[in-house]
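First comes the structure, then the notes that go with it.
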Number of protein chains: 2
Amino acid sequence: MYNSEAMALSAALLAVAGDLTQRIHDGVTARGFADLRPAHGFAFARLAPDGATVTDLAVHLGVTKQAASQLVDEIVRKGYAERRPHPQDARARLVVLTERGWACTRAAEAAAAEVVSGWAGLLGEGEVRALGERLARIAPYGPIKPAW
Amino acid sequence: MYNSEAMALSAALLAVAGDLTQRIHDGVTARGFADLRPAHGFAFARLAPDGATVTDLAVHLGVTKQAASQLVDEIVRKGYAERRPHPQDARARLVVLTERGWACTRAAEAAAAEVVSGWAGLLGEGEVRALGERLARIAPYGPIKPAW
DNA sequence: TCGAGTGGTCAAGTGGCTTGACTATATGGT
DNA sequence: ACCATATAGTCAAGCCACTTGACCACTCGA
């Protein structure tokens, strides 16, 4: 494969990713959560299952723990999450989503589904499924860094 | 398709995009261009064919023209591009890549090819090609906004 | 129990981006 | 030919997310 093909693939991937981010954000805003930025979504994804500590979040987002702490301050202040004492470690605090946080997560899922269904209109449902499967196989394990 | 599937697809796509950006940036740095940030790559992509004006660049990157002008200042100062008088419009200035700018662009292509070849090791060359084709079909036309 | 390691916060500084204001040139209607 | 409006670009100031540095509280193994 020529270098220019690899570059074209990369450009398409990054363009789709940027567009997806923007449209999920717009969808979340339209559903009544207008006080959040795209970066918050990645935090929510980490908090959603069982909560997480600030340090966990920092590693996951690829930022300093101070930045993560600041971000938690913000979503707590806005009512999306709350800090609880950590059941196993008295130094740590477990950050968990509130009901509003869960509602926002569901809104993000609905917005994502809307975008993906648009893709299905272009490619067909089977192709989209295949796309997802292939992306899952090349997805990295480490921290989720912003695309640029 | 369930909402959670759409979310999983989105997460995989964004994770791959973030990883790709990081690895292209690392590859460019390793090839001797250590004074650039990922955001510069998107500017280079717009400048590469025939040059562009600051306003073009601003629209392409989805930022204000002041921000684009500042970015151009930086890559000019570092020797990757230069400002020339615009042949048709005396108000405008055409920003074009220098030889160093082209060398950096080739380095980025090589780095992208390296990453994509890693994917080919996981999926096979045909699958990667299919992936690129599908992404190209759902890629947007508008400005290339950072993924978040 | 003591010392190194880890979780978290406070404080200050940085840098890329924004808004606002301005100059110079282009364009189109009268 | 002229003038009003629009566009290209820059200068200046401020904002805000993020960083580095310092610090305290708690944990855990020797």
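A note on names: the letters A, B, ... follow the listed sequences, proteins ahead of strands, and every chain is numbered from 1.
Connection of A:Trp102 to A:Leu47 is established within a shared hydrophobic cluster, with ILVMFWY side chains joined at heavy-atom distances below 4.5 Å, either directly or through further cluster members. B:Val16 and B:Met7 are not part of a single hydrophobic cluster, where members link through side-chain heavy atoms under 4.5 Å apart. At a threshold of 4.5 Å between side-chain heavy atoms, the hydrophobic network of Ile, Leu, Val, Met, Phe, Trp and Tyr places B:Leu36 and B:Val63 in one connected group.
Considering only side-chain N and O atoms, B:Ser69 lies nowhere under 4.0 angstrom from the phosphate OP1 or OP2 of D:dG9. Note on A:Thr64: a side-chain N or O is less than 4.0 Å away from OP1 or OP2 of D:dT19. For C:dG7, the OP1/OP2 oxygens have no side-chain nitrogen or oxygen of A:Arg93 closer than 4.0 Å.
Atom CG of B:Leu57 is separated from atom C1' of C:dG16 by 15 Å (rounded to the nearest Å). As rounded to whole Å, 14 Å separates atom P of C:dT6 from atom CG of A:Asp56. In this structure, A:Arg37 atom CZ and C:dG16 atom P are separated by 18 Å, rounded to whole Å. What separates CG of B:Leu94 from C1' of C:dT25 is a distance of 17 Å, to the nearest Å.
Among residues at least two apart or in separate chains, ring-ring contact (aromatic ring centres under 6.0 Å, His included) pairs with a member in residues 64-100 of chain A are A:Phe44-A:Tyr80.
Using a 4.0 Å cut-off between charged side-chain N and carboxylate O, B:Asp73 and B:Arg77 make no salt bridge. Electrostatic pairing of A:Glu127 and A:Arg134 does not count as a salt bridge here, judged by no charged N lying under 4.0 Å from a carboxylate O. Under a 4.0 Å N-O distance rule, the pair A:Glu125/A:Arg129 qualifies as a salt bridge. Ion pair A:Glu109/A:Arg31 not flagged as a salt bridge, since none of the NZ, NE, NH1 or NH2 atoms sits closer than 4.0 Å to an Asp/Glu carboxylate oxygen.
Using a 4.0 Å heavy-atom criterion, one finds that A:Ala67 contacts the bases of the nucleic acid, with or without backbone contacts as well.
Using a 4.0 Å cutoff on non-hydrogen atoms, no part of residues 71-86 of chain B comes near DNA chain C. Using a 4.0 Å cut-off on heavy atoms, the residues of residues 44-54 of chain A that approach DNA chain C are A:Thr53, A:Val54, listed by number.
Of the candidates C:dG7, C:dA21, C:dA11, the closest approach to any side-chain atom of A:Thr55 belongs to C:dG7.
By the side-chain contact (heavy atoms from CB on, under 4.5 Å) test, B:Thr98 pairs with B:Glu82, B:Arg100, sequence neighbours left out.
Taking CD of A:Glu74 as the reference point, atom OG of A:Ser69 lies at 12.0 Å (rounded to 0.5 Å). Summarising the geometry, atom NE2 belonging to B:His60 is positioned 14.0 Å from atom OG1 belonging to B:Thr55; distances are rounded to the nearest 0.5 Å. The OG1 atom of A:Thr53 sits 10.0 Å away from the CZ atom of A:Arg91 when rounded to the nearest 0.5 Å. To the nearest 0.5 angstrom, A:Asp19 atom CG is 10.0 Å from B:Leu13 atom CG. The line from CG of A:Asp89 to CG of A:Leu94 is 11.0 Å long, rounded to the nearest 0.5 Å.
Comparing the local axis fitted to the first five base pairs of the helix from C:dT1-D:dA30 to C:dT30-D:dA1 with the one fitted to its last five gives a bend of 30°, rounded to 10°.
When each of B:Lys65 and B:Gln70 is assigned the nucleotide of DNA chain C with its nearest heavy atom, B:Gln70 is the one assigned upstream, toward the 5' end.
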In 5'-to-3' order, the base (B), backbone-only (S) or no-contact (-) status of each nucleotide in nucleotides 24-30 of chain D, using a 4.0 angstrom heavy-atom cut-off, is -BBS---
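Evaluation of atom-type donor-acceptor distances gives a pair under 3.5 Å for the side chain of A:Gln66 against the base of D:dG21.
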